[in-house]
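Report on the following structure.
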Amino acid sequence: MPTPEEVNYDSLWDARVVLELGALDLTFAPGAAPRNLAPLKKICSTMEDLHQAGLTMGFYESDFLFHQTLLELSGNEILAKMFAHSAQHFYPLAPVTDDIHKQNQAVVIQEHREIIAKLEAKQIKAASELLREHITRAKVAKAWTAR
C-alpha cells in the first residue's frame with residue numbers, strides 16, 4: 001500500500017467519482033431488479049443521531065458506510081472492494097470550528113437523503129448528478145486529508 005506521500009489525492013477523488021457513479025449505473029440499469037434502499041435510510045438515521053450527539057468520528061464512519069452500501073447495492077464486489085481500499089485514504093481533519101463541522105454534517109445528511117429520494121423516484125440521472133456534486137464538494141473543499 002502506498003504511503004500518504006505517494007498518493008495523488010486528486011486522482012483518488014476522481015476514481016471515487018467513477019466508482020460510485022459506475023455503481024449507480026449498474027444498480028439502476030434498465031431491466032435491473034429493484035433494490036432495497038432501506039439500509040441507506042437506516043444509515044442516514046444513524047448519521048442524524050450521531051450528528052445530534054456530537055459524535056464526529058461515528059458520523060464519519062457512518063458516512064463511509066453509506067457510500068460503501070451504495071456500491072454494494074450494485075452487486076459488484078470488485079467495485080465495493082476498490083472503494084473500501086481507496087476510501088481509507090480519506091479522513092475529515094479540516095481545522096474548522098465545531099459549528100462548521102455541524103453545518104457540514106447537516107449538509108451531508110441532507111444530500112444523502114436527497115440522493116435516496118431521487119433513486120426511489122427513479123430519477124437516476126438526477127441522483128447521479130447530485131452524488132457527483134456531493135463527492136466533488138468534499139474534494140474542492142480540501143477538507144480531507146490522509147489517515
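Here the structure is a predicted model, which means the values were calculated and not measured.
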Which pair of heavy atoms, one from Ser62 and one from Thr46, lies closest together, and at what distance?
-> OG-CG2, 3.7 Å
Going by heavy atoms in the side chains, are Thr56 and Gln105 under 4.5 Å from each other?
-> yes
Spacing of Ile135 atom CD1 and Arg16 atom CZ [to the nearest 0.5 Å] | 5.0 Å
Kindly compute the distance separating CG (Leu19) from CE (Met82), expressed to the nearest 0.5 Å.
-> 5.0 Å
So if you build clusters from Ile, Leu, Val, Met, Phe, Trp, Tyr with side-chain heavy-atom gaps below 4.5 Å, do Ile100 and Val107 land together?
-> no
Residues forming a side-chain contact (heavy atoms from CB on, under 4.5 Å) with Arg113, sequence neighbours excluded | Cys44, Ser45, Glu48, Ile109
Measure the CD-CD1 distance between Glu20 and Ile115 for me, rounded to the nearest 0.5 Å.
-> 8.0 Å
Pair listing, ring-ring contact (aromatic ring centres under 6.0 Å, His included) test, anchored in residues 21-54, at least two apart = none
Can you name the nearest heavy-atom pair linking Leu131 to His67, along with the distance?
-> CD1-CE1, 4.0 Å
For Phe66, all residues meeting ring-ring contact (aromatic ring centres under 6.0 Å, His included), sequence neighbours excluded = His112
Is there a side-chain contact between Asp14 and Val18, using heavy atoms and a 4.5 Å cut-off?
-> no
Cut-off 3.5 Å, no hydrogens considered: what does the side-chain donor-acceptor table look like for residues 70-77, sequence neighbours left out?
{"residue": "Glu72", "atom": "OE2", "partner": "Gln68", "partner atom": "NE2", "Å": "3.4"}
{"residue": "Ser74", "atom": "OG", "partner": "Leu71", "partner atom": "O", "Å": "2.7"}
{"residue": "Ser74", "atom": "OG", "partner": "Asn76", "partner atom": "N", "Å": "3.1"}
{"residue": "Asn76", "atom": "OD1", "partner": "Ile78", "partner atom": "N", "Å": "3.0"}
{"residue": "Asn76", "atom": "OD1", "partner": "Leu79", "partner atom": "N", "Å": "3.0"}

Acceptor/donor pairs from residues 116-129 side chains to any protein atom, 3.5 angstrom cut, sequence neighbours excluded:
{"residue": "Glu120", "atom": "OE2", "partner": "Lys41", "partner atom": "NZ", "Å": "2.4"}
{"residue": "Ser128", "atom": "OG", "partner": "Ile124", "partner atom": "O", "Å": "3.1"}

Mind checking the CG-CG spacing from Leu50 to Asp63? Nearest 0.5 Å is all I need.
-> 11.0 Å
Kindly write out the residues that satisfy side-chain hydrogen bond (donor to acceptor under 3.5 Å, both in side chains) with Glu133, not counting sequence neighbours, or none if the list is empty.
-> none
